[in-house]
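In listed order, ligands and their atoms are each counted from 1.
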Amino acid sequence: MKKTTQQNQTRSKFYVTTPIYYINDVPHIGHAYSTIAADTLARFYRDKLGKDNVLFVTGTDENSQKSVDAAKKAEKSIQTYTDETAQKWQGIFDNLGITYDRFIRTTDTDHIATVQDILQKVYDNGDIYKGVYEGLYCVGHEAFMKEDDLVDGLCPDHKKAPEHIKEENWFFKLSKYQDRLKHYILDNPDFIQPQSRRNEVLSFIETKGLEDFSISRETQEWGIRLPFDDSQVAYVWFDALLNYVTAAGYGTDNFDKWWPADLHIVGKDIIKFHCIYWPAMLWSAGLDLPRQVFAHGFFTINGEKISKSLGNAIDPTELVQKYGNDALRYYLLREITFGSDGDFSLQRFNDVYNSDLANNLGNLTSRLSTMLIKYNNAKYNEVKVKPRYEYEDDITSLKFHTCLSELFSWLDSLNGAIEENKPWELFKTDPEKTVTVLSAIACELLLITKYLEPFLPESSKKVQAIFHNGVITQNSEVLFPKFD
Ligand code: ME8
């Protein structure tokens, strides 16, 4: 198999980000998806490169019109509203076991300083000019829209008519970067992944072309003031994208260690901002581009788009209260190829949980430990195991689905080996062989849990605590209780 450049790169550090989320919504499984994927990679790279060489950032995008509208609706001051909701998001991610190194808020002081500094640089570079924006603005997307983006006069995603606005704004010369961007994407095949998204961006550049966009709002009070015109605030996307630079320590000695980011994980809904606006902004500010933007697909729920109005959003917290964090991580990363769209169904979640986690991993752990307790005084021989599958190439190229399906078929084969060898019969005639067979399976199981750690951190640790240094620790806790 041909290796991608990304896999061939020898990394000394790994900086991964998720989108920063709008706080007018509560986190649902879509937000959990991007964040769990980034968390999995952060855990993998911490083990490989050392904890000090990994930076994993997630957070909240607060300086938007959505926040203003939501605060008004909640009858709270905008400051109180953003403080409370950002704290709620952070708490939810903590409960999901997300090991972010920084939870960034766009209201953080260092971020405000970054945005103002970069705006000034871009302005000094001659890439910002004053103009009049007259047109449509969709608050749902926090984006300017064109008539031909609409369906029956409505934003196709938010089913609302965009606002018509006319403002004197500051514009960014995006058009200036069109050719450079196109060539960059052509010359760097890994920059945008998966391939289908890369093609989508290239075709956007070729067919629609890049137009300058407004980077400020005149009529909005809440936001970061422009350093060269304090009557206006920065457009929320110009501000939000820069969180990646702030969190890397922009303006401090740490910045050179972390920037450029190795990977931005985003959903396919926001590729235009990350693959078109963002590179041009960075070039204008004299900064390097991230090594990769990976846009994953979208979940539907029982075939329907996740939407507030349908009220079908699944709360990840409720799910993990019943099934545990590892179950959610497993389902999200195993069920759907990272990069493709997929469907989420509670029935399927329960089925996958029972068959793979309870019956396969859970059952193997419990029957193996019980037999070793019974047939060998709670001991096993520590033997060297040859991996049946090496997962590094797959995990570093975000093939989470492949990693999990390979590791779980390996587990399957260990269950199969128990069935074949029938230790309960073998013990009567050949106790020594019984111990040899069971020990080999235990050591393979341990190696698999090492590989599973970034995906299933809690249960891997539990298995490793049961089988430790040749001794079995009896544990009455069932790893994955079955549910009907
Ligand atoms: O766009 N399936 O924030 P946002 C999969 N603040 N992933 C989903 C999803 C679904 N159904 N729904 C949401 C913003 N997501 C901006 C980002 S970044 C500088 C600023 C995930 O709260 C997915 O990652 O609307 C998507 O890109 C993101 O949530 C959008 O979150």
Between E167 and N169: side-chain donor-acceptor atoms closer than 3.5 Å: yes
query: Using 30° and 60° as the class limits, which term best fits the ring planes of W259 and F255: parallel, tilted or perpendicular?
result: parallel
field: Close-range residues for ligand 1, whose non-hydrogen atoms fall below the 4.0 Å threshold
entry: P19, I20, Y21, Y22, H28, G30, H31, S34, D61, W237, A240, L241, N243, Y244, G267, D269, I270, H274, H296, G297, F298, F299, I306
- prompt: If you look only at pairs with a residue in residues 45-59, which of them pass as a salt bridge (Lys or Arg N to Asp or Glu O under 4.0 Å), with sequence neighbours excluded?
  reply: R46-D101, D47-K450, K48-E392
- request: Test H401 against E335 for side chain to side chain donor-acceptor pair (under 3.5 Å), laying out the working first.
  value: CA-CA 7 Å; H401 166 86; E335 185 69 359; over 6 Å; no
Name each donor-acceptor pair under 3.5 Å that joins a side chain in residues 243-252 to protein atoms two or more places apart or in another chain, with its distance.
residue	atom	partner	partner atom	Å
N243	ND2	A240	O	2.8
Y244	OH	H274	NE2	2.7
T246	OG1	H111	ND1	2.8
T246	OG1	T114	OG1	3.2
T246	OG1	L242	O	3.2
Y250	OH	D117	OD2	2.6
Y250	OH	K121	NZ	3.0
T252	OG1	G249	O	2.6
T252	OG1	N254	N	3.2

Set of residues satisfying side-chain contact (heavy atoms from CB on, under 4.5 Å) with respect to L174, sequence neighbours excluded: F172, L210, D212, F213, I276, Y277, A280
